[in-house]
Novice: 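Attaching a single structure in structure tokens format; questions to follow.
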Amino acid sequence: MKKFIPITVGNYLVVHGYDEHNREIIESVEVERASLKIVAVDRIQSLSEKYMLVTGAFGRLMYWEYEESFEEISAKLMEN
């Protein structure tokens, strides 16, 4: 059974692949206000104090800024 957690996310970065020099092609997206998302735990690749790295459609990676504390998100992940 798939597991989900709620996360409040704001601005994010989308990795669209790599250029001819093997550097990431990154799109920076700024939002007007943060929004609550229900995220499948298996999409989450890693967590830092500022960003959550998640997988998206078409093999893209996204770095989401989140509003909860690192400890709060870590606890949610450990429960699942």
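Each residue takes its place number in the sequence, starting with 1.
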Novice: Spell out, as yes or no, whether a donor-acceptor pair under 3.5 Å connects the side chain of Arg43 to the backbone of Thr55.
Specialist: yes
Novice: Checking side-chain contact (heavy atoms from CB on, under 4.5 Å) between Val54 and each of Ile44, Leu47, Leu61, which is the one that passes?
Specialist: Ile44
Novice: Grab the two heavy atoms, one from Gly10 and one from Val31, that are nearest each other, plus how far apart they are.
Specialist: C-CG2, 3.5 Å
Novice: Looking at NZ of Lys76 and CD1 of Ile7, how far apart are the two atoms once the value is rounded to the nearest 0.5 Å?
Specialist: 7.0 Å
Novice: Would you give the length of the straight line joining atom OG1 of Thr8 to atom CZ of Arg33, rounded to the nearest 0.5 angstrom?
Specialist: 11.0 Å
Novice: Side chains of Tyr18 and Glu24: closer than 4.5 Å at any heavy-atom pair?
Specialist: yes
Novice: If you take all heavy atoms of Lys2 and Ala40, which pair is closest and at what distance?
Specialist: CE-CB, 3.8 Å
Novice: So, for Asn11 and Glu30, which heavy atoms are closest and what is the spacing to 0.1 Å?
Specialist: OD1-CA, 3.1 Å
Novice: Taking C-beta and beyond as the side chain, do Val9 and Val39 meet within less than 4.5 Å on heavy atoms?
Specialist: no
Novice: Rounded to the nearest 0.5 Å, how far apart are CG of Leu13 and CE of Met62?
Specialist: 11.0 Å
Novice: Distance check, rounded to the nearest 0.5 Å: Glu65 atom CD versus Lys50 atom NZ?
Specialist: 5.0 Å
Novice: Does CD in Glu32 sit with more than 12 non-hydrogen atoms of other residues, nucleotides or ligands closer than 6.0 Å?
Specialist: no
Novice: Does Phe70 belong to the same Ile/Leu/Val/Met/Phe/Trp/Tyr cluster as Ile73, with side-chain heavy atoms less than 4.5 Å apart forming each link?
Specialist: yes
Novice: To the nearest 0.5 Å, what is the distance between CG on Leu53 and CD on Gln45?
Specialist: 6.0 Å
Novice: Looking only at heavy atoms, which two atoms of Glu67 and Ala34 are closest? And how far apart?
Specialist: OE2-CB, 3.1 Å
Novice: On a heavy-atom basis, which atom in Trp64 and which in Lys37 lie closest, and how many Å separate them?
Specialist: CH2-CD, 3.9 Å
Novice: Starting at CD1 of Ile26, measure out to OH of Tyr63 and round the result to the nearest 0.5 Å.
Specialist: 6.5 Å
Novice: Crowded around Tyr66 OH? As in, over 12 foreign heavy atoms under 6.0 Å?
Specialist: yes
